[in-house]
Amino acid sequence: MAIDCIKTMPSITTPQHHPKDQDQCKDDGKSFVFDAQVLRHQTNIPQQFVWPDHEKPNINAPELQVPLVDLGDFLSGNPVAAVEASRLVGEACKKHGFFLVVNHGVDKTLIAHAHNYVDTFFKLPLSEKQKAQRKIGESCGYASSFTGRFSSKLPWKETLSFRYTAEENSSKHIEEYFHNRMGEDFAEFGTVYQDYCEAMSTLSLGIMELLGMSLGVSREHFREFFNENDSIMRLNYYPPCQKPDLTLGTGPHCDPTSLTILHQDQVGGLQVFVDNEWRSINPNFDAFVVNIGDTFMALSNGIYRSCLHRAVVNSQTPRKSLAFFLCPKNDKMVTPPHELVDTCNPRIYPDFTWPMLLEFTQKHYRADMKTLEVFTNWLHQRSLS
(Lines give C-alpha, C1' and ligand atoms only; values in the text may rest on other atoms or scores of the structure.)
Protein backbone atom coordinates (compact mmCIF):
# COMPACT_ATOMS: atom_id res chain seq x y z
CA MET A 1 0.00 0.00 0.00
CA ALA A 2 1.23 3.49 -0.83
CA ILE A 3 0.34 4.77 2.61
CA ASP A 4 2.96 2.47 4.11
CA CYS A 5 5.66 4.50 2.41
CA ILE A 6 4.87 7.55 4.53
CA LYS A 7 6.74 7.12 7.75
CA THR A 8 5.53 8.50 11.06
CA MET A 9 7.58 10.67 13.36
CA PRO A 10 6.84 12.55 16.61
CA SER A 11 5.11 15.90 16.23
CA ILE A 12 7.41 18.80 17.09
CA THR A 13 4.85 21.57 17.57
CA THR A 14 1.18 22.24 17.69
CA PRO A 15 -0.48 22.73 14.31
CA GLN A 16 -1.31 26.16 12.94
CA HIS A 17 -4.74 27.45 12.03
CA HIS A 18 -5.57 28.24 8.43
CA PRO A 19 -8.54 30.57 7.99
CA LYS A 20 -9.54 29.17 4.62
CA ASP A 21 -8.86 25.44 4.52
CA GLN A 22 -9.44 23.01 7.34
CA ASP A 23 -6.46 20.92 6.31
CA GLN A 24 -4.18 21.28 9.29
CA CYS A 25 -2.55 18.22 10.81
CA LYS A 26 -4.44 16.98 13.81
CA ASP A 27 -2.54 17.07 17.06
CA ASP A 28 -2.42 13.31 17.38
CA GLY A 29 1.27 13.13 18.25
CA LYS A 30 2.28 11.99 14.78
CA SER A 31 3.00 13.58 11.44
CA PHE A 32 3.99 12.10 8.11
CA VAL A 33 7.30 12.20 6.26
CA PHE A 34 7.38 12.21 2.47
CA ASP A 35 9.99 9.67 1.33
CA ALA A 36 10.34 10.57 -2.34
CA GLN A 37 12.73 7.74 -3.17
CA VAL A 38 9.98 5.25 -2.32
CA LEU A 39 6.82 7.10 -3.30
CA ARG A 40 8.04 7.97 -6.78
CA HIS A 41 7.50 4.31 -7.78
CA GLN A 42 4.04 3.82 -6.24
CA THR A 43 1.10 3.43 -8.62
CA ASN A 44 -1.36 4.50 -5.92
CA ILE A 45 -0.42 7.74 -4.20
CA PRO A 46 -1.50 8.55 -0.63
CA GLN A 47 -4.79 10.41 -0.31
CA GLN A 48 -3.03 13.35 1.36
CA PHE A 49 -1.47 14.20 -2.02
CA VAL A 50 -4.67 13.97 -4.08
CA TRP A 51 -6.02 17.44 -4.87
CA PRO A 52 -9.72 18.32 -5.31
CA ASP A 53 -11.12 17.91 -8.80
CA HIS A 54 -11.41 21.65 -9.43
CA GLU A 55 -7.68 22.08 -8.63
CA LYS A 56 -6.30 19.03 -10.42
CA PRO A 57 -3.67 19.89 -13.04
CA ASN A 58 -3.91 20.33 -16.76
CA ILE A 59 -0.60 18.75 -17.74
CA ASN A 60 -0.74 20.09 -21.30
CA ALA A 61 -1.54 23.73 -20.59
CA PRO A 62 -1.02 26.15 -23.51
CA GLU A 63 2.15 28.24 -23.43
CA LEU A 64 2.10 31.73 -21.92
CA GLN A 65 3.92 34.26 -24.06
CA VAL A 66 5.91 36.31 -21.56
CA PRO A 67 8.18 39.25 -22.42
CA LEU A 68 11.82 38.40 -23.03
CA VAL A 69 13.84 41.24 -21.52
CA ASP A 70 17.42 41.52 -22.78
CA LEU A 71 19.49 43.02 -19.96
CA GLY A 72 22.80 43.10 -21.87
CA ASP A 73 22.78 46.73 -22.98
CA PHE A 74 21.00 47.88 -19.83
CA LEU A 75 23.72 46.37 -17.63
CA SER A 76 26.30 48.05 -19.87
CA GLY A 77 24.80 51.44 -19.07
CA ASN A 78 22.88 52.10 -22.30
CA PRO A 79 20.08 54.59 -21.35
CA VAL A 80 17.95 53.76 -24.40
CA ALA A 81 18.09 50.05 -23.54
CA ALA A 82 17.12 50.86 -19.95
CA VAL A 83 13.98 52.67 -21.10
CA GLU A 84 12.96 49.81 -23.40
CA ALA A 85 13.62 47.16 -20.75
CA SER A 86 11.63 49.11 -18.15
CA ARG A 87 8.72 49.40 -20.61
CA LEU A 88 8.60 45.63 -21.16
CA VAL A 89 8.85 44.96 -17.43
CA GLY A 90 6.09 47.44 -16.65
CA GLU A 91 3.69 45.94 -19.20
CA ALA A 92 4.23 42.45 -17.82
CA CYS A 93 3.81 43.54 -14.20
CA LYS A 94 0.51 45.26 -14.89
CA LYS A 95 -0.88 42.16 -16.61
CA HIS A 96 0.43 39.10 -14.77
CA GLY A 97 3.76 39.93 -13.12
CA PHE A 98 5.93 37.42 -15.03
CA PHE A 99 8.79 38.06 -17.46
CA LEU A 100 12.04 36.42 -18.60
CA VAL A 101 15.50 38.01 -18.48
CA VAL A 102 18.41 37.02 -20.74
CA ASN A 103 21.98 38.31 -21.02
CA HIS A 104 21.70 38.74 -17.28
CA GLY A 105 25.38 38.54 -16.48
CA VAL A 106 25.18 35.43 -14.27
CA ASP A 107 27.91 32.92 -15.06
CA LYS A 108 26.54 29.81 -16.80
CA THR A 109 29.01 27.55 -15.03
CA LEU A 110 27.79 28.81 -11.66
CA ILE A 111 24.19 28.06 -12.67
CA ALA A 112 25.17 24.57 -13.79
CA HIS A 113 26.98 23.87 -10.52
CA ALA A 114 23.98 25.09 -8.55
CA HIS A 115 21.73 22.65 -10.43
CA ASN A 116 24.19 19.80 -9.98
CA TYR A 117 24.20 20.24 -6.22
CA VAL A 118 20.40 20.11 -6.19
CA ASP A 119 20.69 16.59 -7.59
CA THR A 120 23.42 15.70 -5.12
CA PHE A 121 21.44 16.84 -2.07
CA PHE A 122 18.07 15.33 -2.93
CA LYS A 123 19.54 11.97 -3.88
CA LEU A 124 20.86 11.61 -0.33
CA PRO A 125 19.11 9.15 2.01
CA LEU A 126 16.21 10.72 3.88
CA SER A 127 18.07 10.52 7.18
CA GLU A 128 20.94 12.60 5.75
CA LYS A 129 18.62 15.26 4.34
CA GLN A 130 16.87 15.49 7.70
CA LYS A 131 20.04 16.88 9.26
CA ALA A 132 18.79 20.16 7.84
CA GLN A 133 15.15 19.50 8.86
CA ARG A 134 12.93 22.56 8.71
CA LYS A 135 10.95 23.13 11.89
CA ILE A 136 7.28 24.07 11.75
CA GLY A 137 6.87 27.83 11.80
CA GLU A 138 10.30 28.41 10.25
CA SER A 139 11.12 29.35 6.66
CA CYS A 140 14.51 27.65 6.33
CA GLY A 141 15.68 24.04 6.26
CA TYR A 142 14.77 20.79 4.53
CA ALA A 143 11.08 20.06 3.99
CA SER A 144 9.62 16.83 2.61
CA SER A 145 6.36 18.23 1.30
CA PHE A 146 4.49 20.10 4.11
CA THR A 147 3.62 16.90 5.92
CA GLY A 148 4.28 18.30 9.39
CA ARG A 149 1.99 21.27 8.92
CA PHE A 150 -0.88 20.13 6.69
CA SER A 151 -2.76 16.88 6.22
CA SER A 152 -4.40 17.43 2.81
CA LYS A 153 -3.54 18.96 -0.57
CA LEU A 154 0.12 18.20 0.04
CA PRO A 155 2.64 19.21 -2.65
CA TRP A 156 4.61 16.48 -4.40
CA LYS A 157 8.04 17.95 -3.76
CA GLU A 158 11.04 18.34 -1.49
CA THR A 159 12.72 21.64 -0.75
CA LEU A 160 15.82 23.00 0.94
CA SER A 161 15.61 26.66 1.94
CA PHE A 162 18.24 28.87 3.53
CA ARG A 163 18.71 32.52 4.35
CA TYR A 164 20.86 34.95 2.39
CA THR A 165 21.75 38.36 3.76
CA ALA A 166 23.43 41.15 1.81
CA GLU A 167 24.47 42.99 4.96
CA GLU A 168 28.13 43.79 5.43
CA ASN A 169 30.20 41.20 7.30
CA SER A 170 27.86 38.38 6.17
CA SER A 171 29.85 37.09 3.20
CA LYS A 172 30.19 33.55 4.62
CA HIS A 173 26.67 33.14 6.00
CA ILE A 174 25.56 30.33 3.65
CA GLU A 175 28.87 28.51 3.87
CA GLU A 176 28.50 28.48 7.66
CA TYR A 177 24.92 27.23 7.37
CA PHE A 178 25.90 24.16 5.33
CA HIS A 179 28.89 23.44 7.54
CA ASN A 180 26.82 23.65 10.73
CA ARG A 181 23.81 21.67 9.46
CA MET A 182 25.34 19.13 7.08
CA GLY A 183 29.02 18.88 8.07
CA GLU A 184 32.42 19.51 6.52
CA ASP A 185 31.65 17.42 3.43
CA PHE A 186 29.22 20.14 2.31
CA ALA A 187 31.72 22.99 2.27
CA GLU A 188 31.59 23.19 -1.53
CA PHE A 189 27.78 23.35 -1.39
CA GLY A 190 28.07 26.43 0.77
CA THR A 191 30.60 28.08 -1.52
CA VAL A 192 28.50 27.51 -4.66
CA TYR A 193 25.24 28.75 -3.15
CA GLN A 194 26.96 31.72 -1.47
CA ASP A 195 28.23 32.77 -4.91
CA TYR A 196 24.87 32.02 -6.53
CA CYS A 197 22.93 34.11 -4.01
CA GLU A 198 25.33 37.00 -4.36
CA ALA A 199 24.76 36.88 -8.12
CA MET A 200 20.97 36.76 -7.57
CA SER A 201 21.12 39.72 -5.20
CA THR A 202 23.07 41.76 -7.75
CA LEU A 203 20.65 40.80 -10.53
CA SER A 204 17.62 41.60 -8.40
CA LEU A 205 18.92 45.09 -7.62
CA GLY A 206 19.28 45.75 -11.34
CA ILE A 207 15.70 44.57 -11.89
CA MET A 208 14.60 46.87 -9.07
CA GLU A 209 16.04 49.79 -11.03
CA LEU A 210 13.86 48.83 -13.99
CA LEU A 211 10.81 48.49 -11.75
CA GLY A 212 11.42 51.95 -10.32
CA MET A 213 11.75 53.48 -13.78
CA SER A 214 8.63 51.72 -15.02
CA LEU A 215 6.60 53.04 -12.08
CA GLY A 216 7.81 56.61 -12.56
CA VAL A 217 9.81 56.82 -9.34
CA SER A 218 13.54 57.32 -9.15
CA ARG A 219 15.73 54.60 -10.57
CA GLU A 220 17.52 54.28 -7.22
CA HIS A 221 14.46 54.13 -4.94
CA PHE A 222 13.80 50.37 -4.85
CA ARG A 223 17.47 49.50 -5.40
CA GLU A 224 18.34 51.36 -2.19
CA PHE A 225 15.36 49.84 -0.38
CA PHE A 226 16.62 46.30 -1.13
CA ASN A 227 20.35 47.01 -1.04
CA GLU A 228 20.83 45.18 2.27
CA ASN A 229 18.21 42.54 1.51
CA ASP A 230 17.53 39.60 3.81
CA SER A 231 16.34 37.01 1.32
CA ILE A 232 15.53 33.30 0.98
CA MET A 233 17.12 30.80 -1.39
CA ARG A 234 15.17 27.61 -2.12
CA LEU A 235 16.16 24.45 -3.95
CA ASN A 236 13.07 22.68 -5.34
CA TYR A 237 13.00 19.00 -6.26
CA TYR A 238 9.89 17.43 -7.80
CA PRO A 239 10.25 13.63 -8.00
CA PRO A 240 8.29 11.65 -10.61
CA CYS A 241 4.75 10.71 -9.66
CA GLN A 242 2.90 7.75 -11.17
CA LYS A 243 -0.38 9.69 -10.91
CA PRO A 244 0.60 13.19 -12.05
CA ASP A 245 -2.99 13.99 -13.01
CA LEU A 246 -4.07 13.74 -9.35
CA THR A 247 -1.52 15.91 -7.56
CA LEU A 248 0.50 19.11 -7.80
CA GLY A 249 4.16 19.81 -7.22
CA THR A 250 3.26 23.21 -5.77
CA GLY A 251 -0.30 24.33 -5.18
CA PRO A 252 -1.80 27.57 -6.54
CA HIS A 253 -0.33 30.56 -4.69
CA CYS A 254 1.11 34.03 -5.01
CA ASP A 255 4.60 34.51 -3.59
CA PRO A 256 4.42 36.57 -0.39
CA THR A 257 7.96 37.85 -0.99
CA SER A 258 8.97 40.86 -3.11
CA LEU A 259 10.57 39.38 -6.22
CA THR A 260 11.24 35.80 -7.31
CA ILE A 261 14.09 34.91 -9.66
CA LEU A 262 13.64 31.32 -10.82
CA HIS A 263 15.90 29.14 -12.91
CA GLN A 264 14.23 26.02 -14.31
CA ASP A 265 15.84 22.90 -15.67
CA GLN A 266 14.66 21.57 -19.04
CA VAL A 267 11.79 19.42 -17.72
CA GLY A 268 9.08 22.06 -17.38
CA GLY A 269 6.13 22.32 -15.02
CA LEU A 270 5.63 26.00 -14.10
CA GLN A 271 2.11 27.25 -14.82
CA VAL A 272 0.56 30.72 -14.41
CA PHE A 273 -3.15 31.58 -14.15
CA VAL A 274 -3.86 34.26 -16.77
CA ASP A 275 -7.18 35.23 -18.35
CA ASN A 276 -9.02 32.52 -16.40
CA GLU A 277 -6.88 29.63 -17.57
CA TRP A 278 -3.62 27.94 -16.64
CA ARG A 279 -0.75 28.63 -19.03
CA SER A 280 2.75 27.13 -18.97
CA ILE A 281 6.09 28.95 -19.03
CA ASN A 282 8.37 26.72 -21.04
CA PRO A 283 11.96 26.16 -19.86
CA ASN A 284 14.75 28.33 -21.24
CA PHE A 285 18.10 27.48 -19.69
CA ASP A 286 19.56 30.82 -20.84
CA ALA A 287 16.87 32.80 -19.05
CA PHE A 288 15.62 33.49 -15.54
CA VAL A 289 11.90 33.63 -14.86
CA VAL A 290 11.08 36.71 -12.78
CA ASN A 291 7.81 37.44 -11.03
CA ILE A 292 6.39 40.00 -8.64
CA GLY A 293 5.39 38.93 -5.14
CA ASP A 294 2.86 40.28 -2.65
CA THR A 295 5.36 42.49 -0.82
CA PHE A 296 6.25 44.37 -3.99
CA MET A 297 2.58 44.59 -4.92
CA ALA A 298 2.17 46.49 -1.63
CA LEU A 299 5.25 48.62 -2.40
CA SER A 300 3.70 49.57 -5.76
CA ASN A 301 0.39 50.41 -4.05
CA GLY A 302 -1.32 47.66 -6.04
CA ILE A 303 -0.25 48.97 -9.46
CA TYR A 304 1.79 45.84 -10.11
CA ARG A 305 0.35 42.38 -9.53
CA SER A 306 1.53 39.24 -7.91
CA CYS A 307 0.08 36.40 -9.96
CA LEU A 308 -1.30 33.00 -9.14
CA HIS A 309 1.01 30.18 -10.21
CA ARG A 310 1.67 26.50 -9.50
CA ALA A 311 3.92 23.60 -10.51
CA VAL A 312 2.84 20.29 -12.05
CA VAL A 313 4.75 17.01 -12.03
CA ASN A 314 5.21 14.13 -14.45
CA SER A 315 5.59 10.34 -14.24
CA GLN A 316 9.03 9.99 -15.81
CA THR A 317 11.57 12.69 -14.99
CA PRO A 318 12.47 14.58 -11.81
CA ARG A 319 12.19 18.35 -12.12
CA LYS A 320 14.36 20.80 -10.25
CA SER A 321 14.51 24.56 -9.98
CA LEU A 322 16.42 27.28 -8.14
CA ALA A 323 14.31 30.02 -6.56
CA PHE A 324 15.72 33.21 -5.06
CA PHE A 325 13.12 35.17 -3.10
CA LEU A 326 14.15 38.80 -2.65
CA CYS A 327 13.00 40.22 0.69
CA PRO A 328 13.67 43.55 2.39
CA LYS A 329 15.89 43.94 5.40
CA ASN A 330 13.87 43.03 8.47
CA ASP A 331 13.54 46.57 9.83
CA LYS A 332 12.47 48.14 6.52
CA MET A 333 8.89 49.41 6.52
CA VAL A 334 6.96 48.29 3.45
CA THR A 335 5.27 51.46 2.29
CA PRO A 336 4.86 52.79 -1.27
CA PRO A 337 6.80 55.87 -2.42
CA HIS A 338 4.82 59.10 -2.29
CA GLU A 339 4.75 59.32 -6.10
CA LEU A 340 2.39 56.33 -6.18
CA VAL A 341 -0.15 57.69 -3.69
CA ASP A 342 -2.61 60.54 -4.29
CA THR A 343 -6.31 61.31 -4.01
CA CYS A 344 -7.03 59.23 -7.11
CA ASN A 345 -4.81 56.38 -5.90
CA PRO A 346 -5.16 56.17 -2.13
CA ARG A 347 -3.24 53.68 0.00
CA ILE A 348 -4.47 50.11 -0.45
CA TYR A 349 -2.32 48.27 2.09
CA PRO A 350 -1.13 49.26 5.57
CA ASP A 351 2.51 49.61 6.52
CA PHE A 352 4.17 46.37 7.57
CA THR A 353 7.58 44.76 7.78
CA TRP A 354 8.59 41.62 5.93
CA PRO A 355 8.97 39.56 9.16
CA MET A 356 5.32 40.33 9.97
CA LEU A 357 4.10 38.90 6.66
CA LEU A 358 6.53 35.97 6.87
CA GLU A 359 5.27 35.04 10.32
CA PHE A 360 1.69 35.26 9.07
CA THR A 361 2.36 32.80 6.23
CA GLN A 362 4.41 30.42 8.38
CA LYS A 363 2.18 30.29 11.46
CA HIS A 364 -1.31 31.48 10.56
CA TYR A 365 -2.08 31.13 6.86
CA ARG A 366 -1.28 28.83 3.95
CA ALA A 367 -0.17 31.14 1.13
CA ASP A 368 -2.64 31.35 -1.75
CA MET A 369 -4.06 33.99 -4.08
CA LYS A 370 -5.59 36.02 -1.22
CA THR A 371 -2.64 36.13 1.17
CA LEU A 372 -2.11 39.91 1.06
CA GLU A 373 -5.82 40.65 1.36
CA VAL A 374 -6.25 38.34 4.36
CA PHE A 375 -3.01 39.63 5.91
CA THR A 376 -4.28 43.21 5.60
CA ASN A 377 -7.51 42.27 7.40
CA TRP A 378 -5.51 40.39 10.04
CA LEU A 379 -3.37 43.47 10.72
CA HIS A 380 -6.50 45.60 10.98
CA GLN A 381 -8.09 43.22 13.49
CA ARG A 382 -4.91 43.17 15.56
CA SER A 383 -4.85 46.97 15.64
CA LEU A 384 -8.37 46.98 17.07
CA SER A 385 -7.69 44.41 19.78
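In what follows, residues are counted from 1 in the order of the sequence shown.
Neither side chain, Tyr142 nor Gln130, offers a donor N or O lying under 3.5 Å from an acceptor on the other. If you check the side chains of Tyr237 and Ser321, you find no donor sitting under 3.5 Å from an acceptor. Between the side chains of Thr335 and Asp351, at least one donor N or O lies within less than 3.5 Å of an accepting N or O.
Aromatic pair Tyr193/Tyr177: centroids not less than 6.0 angstrom apart. You'll find the ring centres of Phe273 and His96 outside the 6.0 Å limit. Checked against a 6.0 Å centroid threshold, the rings of Phe162 and His173 do not count as neighbours.
Below 30°, between 30° and 60°, or above 60°: for Phe34 and Trp156 the angle between ring planes is above 60°, a perpendicular geometry. Using cut-offs of 30° and 60° for the angle between ring planes, the Trp378 and Phe360 rings count as tilted.
The residues Glu63 and Arg279 are annotated as not salt-bridged, no charged nitrogen and carboxylate oxygen being separated by less than 4.0 angstrom. The pair Glu91-Arg87 counts as a salt bridge, with a side-chain nitrogen and a carboxylate oxygen less than 4.0 angstrom apart. A salt bridge links Asp286 and Lys108; the closest N-O separation between the charged side-chain nitrogens and carboxylate oxygens is under 4.0 Å. Salt-bridge annotation for Asp245 and Lys56: absent, with no side-chain N of the basic residue lying under 4.0 Å from a carboxylate O of the acidic one.
Just one residue in the list Arg223, Lys329, Lys332 forms a salt bridge (charged side-chain N to carboxylate O under 4.0 Å, His left out) with Glu228, and that residue is Lys329.
Of the possible donor and acceptor atoms, none in the side chain of Arg310 sits under 3.5 Å from a partner among the backbone N and O of His253.
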